[in-house]
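Residue numbering restarts at 1 for every chain, and letters A, B, ... go by the order of the sequence lines.
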2 protein chains.
Amino acid sequence: MNEDFEFPILTVDGVIFQLVNDELCVLLTQRAFEPFLGAWALPGMYISKDQTSREALELTLIQKTGISTSQIELIEQPYAFDAPQRDPRGYAVTIAYIGLARDVMPGVHRGADDKIQNPHFTSLAKLPKLAYDHMSIVQFAHNRLKILAASSNVLAGLLPRTFTLLQLQSAYEAVLSRKLDKRNFRKKIQSLGLIETTGESSREGAHRPAQVYRFCNGSTLRHHTI
Amino acid sequence: MNEDFEFPILTVDGVIFQLVNDELCVLLTQRAFEPFLGAWALPGMYISKDQTSREALELTLIQKTGISTSQIELIEQPYAFDAPQRDPRGYAVTIAYIGLARDVMPGVHRGADDKIQNPHFTSLAKLPKLAYDHMSIVQFAHNRLKILAASSNVLAGLLPRTFTLLQLQSAYEAVLSRKLDKRNFRKKIQSLGLIETTGESSREGAHRPAQVYRFCNGSTLRHHTI
DNA sequence: ACAAAAGTGTTAAGAATACACCCATGT
DNA sequence: ACATGGGTGTATTCTTAACACTTTTGT
């Protein structure tokens, strides 16, 4: 164990979900370097010796997508992916974070070099081919999100501060990829005590106004079943 | 991104569970090097540039505990733990694997240098202070195991090939840290179709013999609720 | 005979599912 | 008037949880 010990390539990637038009989307950028120049990929970067994986994630999100982690709720424990042959320079390990965003507009950010980064939230249903093993990382993250959504209130991170019950239901449906019964959903979600009415009502469109809800203060992660 | 880019210290640790006398235990070794020389720790080592985390895990298990990964069922995705200050040499990341063992006797293995490694399965209820942040890694892993045990058949990895229903129930109780009702447990576990009787019966002790069961062939990970 | 684990059913409460109509609004 | 999403209740099925006694063996 000497000072010259060489470690594998270590990178961090963020799998940032957001709802766009009731579709579950994931944040992608176009790679500005080889390998996979021009291909779509999760925002990510090398972790250097003097920064934590979390710091590297924050840096790459700002640099490549213009999004600050203060706009994102990171969930859970980071996962490690071994990906042999993912990089021509040798064996590489990536640490994947899962995050939830709401109302975030990625903006092209031009840093030291201004190659394209072209950040976009892309619907999971219409993903292009992704660089590296990022497709399987996205699938893994989506699966985790499904499990969490069905058994906790994490979806708060995907919704605006206030919302109607139909919006909430749509969020669940988008994440779980299945339809829910309106009456059963309302019964369930109301009985959990996670949300409370704001007293306001949303008067939009040619139909009856809907009551507006918010997640209760101090409703930390709780477990239930949808 | 040049060839001299320096990455954080990258290590791998195994959280290997085994049942000993109906208690859930985890495999620990005594550290043979600074830092934490002599302290109890999870078996683990540095991952070098030309090996995968999985290979490093296999190597450290053999070297420090004499256990081969063929004797272990690794479960799930590896987790990454950022642990600032975990190593005096700088920021370090460890990749934790969770594994299940049965009937495994760790043996002291003496490799290139023969410092103590002293591998033992230690009851979770009686853990000593652990090196680094290993205590929180163990707690995290135990939590994952509880969730998996309550919702799948992973516990197969902790049990002998054949077992009585009471042994199976004890395994669940040890992992979940709570008592289960015998009749409800049997009803449930039988209805899941995960196990089948071997036709044999175990005639041990001054009491009625018990039927012996095994997990069904091809019963890959399945989900249920205990 | 007795100690010790094996084995077995029923009931009650709660949770999940399936299902159809009226309401309030804007155009 | 009509189109649109907002809102509500009940019956059925399934799942869970609580609970105690008889059986078979070894000593």
- request: Using atom CG of B:Asp22 as one end and atom C1' of C:dA5 as the other, report the distance to the nearest whole Å.
  value: 13 Å
message: Please enumerate all residues that pass ring-ring contact (aromatic ring centres under 6.0 Å, His included) together with A:Phe163, with sequence neighbours excluded.
response: A:Phe215
For nucleotides 21-24 of chain C, print each protein N/O atom paired with a nucleotide N/O atom at under 3.5 Å, atom names and distance only.
from: C:dC23; atom 1: O4'; to: A:Arg208; atom 2: NH1; distance (Å): 3.4
from: C:dA24; atom 1: N3; to: A:Arg208; atom 2: N; distance (Å): 3.0

Whether B:Phe81 and B:Phe140 hold their rings parallel, tilted or perpendicular, with breakpoints at 30° and 60°: perpendicular
- prompt: How close or far is atom P of C:dA6 from atom CZ of B:Phe185, stated in whole angstroms?
  reply: 12 Å
message: Main chain of A:Val104, side chain of A:Gln18: is a donor-acceptor contact present, judged purely on distance under 3.5 Å?
response: yes
task: Check DNA chain C against residues 158-169 of chain B and give the residues with a non-hydrogen atom under 4.0 Å, in numerical order.
output: B:Leu166
query: Does any donor-acceptor pair link the side chain of B:Lys187 with the base of C:dT8 at a separation under 3.5 Å?
result: no
statement: Winner on side-chain proximity to A:Asn184, out of C:dT8, C:dT17, C:dA15, is C:dT17
Short side-chain to backbone donor-acceptor contact, A:Glu23 and A:Val20, under 3.5 Å: no
query: Going from CG on B:Leu61 to CD1 on B:Ile16, what distance comes out if it is rounded to the nearest 0.5 angstrom?
result: 5.0 Å
- request: Sequence neighbours left out, what passes salt bridge (Lys or Arg N to Asp or Glu O under 4.0 Å) with A:Lys129? Give chain and number order.
  value: none
message: Closest approach to the side chain of B:Arg186, judged atom by atom: which nucleotide of D:dG7, C:dA6, C:dA16 is it?
response: C:dA6
Partners passing salt bridge (Lys or Arg N to Asp or Glu O under 4.0 Å) against A:Glu200 (at least two apart in sequence or in another chain): none
- prompt: What integer distance in Å separates B:Arg178:CZ from D:dT16:C1'?
  reply: 11 Å
B:Glu204 CD - C:dA6 P separation (whole Å): 10 Å
query: For B:Tyr213, which residues count as a ring-ring contact (aromatic ring centres under 6.0 Å, His included) partner, sequence neighbours excluded?
result: none
Comparing A:Arg203 and B:Ala210 on DNA chain C - which has the more 5′ nearest nucleotide: B:Ala210
message: From CG of A:Leu180 over to C1' of C:dA16, roughly how many Å is that when rounded to an integer?
response: 12 Å
task: Look at the aromatic rings of B:Tyr132 and B:Phe36 and report parallel, tilted or perpendicular, splitting at 30° and 60°.
output: perpendicular
Rounded distance in Å - OH (B:Tyr213) to C1' (C:dA6): 10 Å
field: Closest-nucleotide 5' rank along DNA chain C - winner of B:Asp181 and A:Lys188
entry: B:Asp181
Distance, rounded to the nearest Å, where B:Gln211 contributes CD and D:dT23 contributes C1': 14 Å
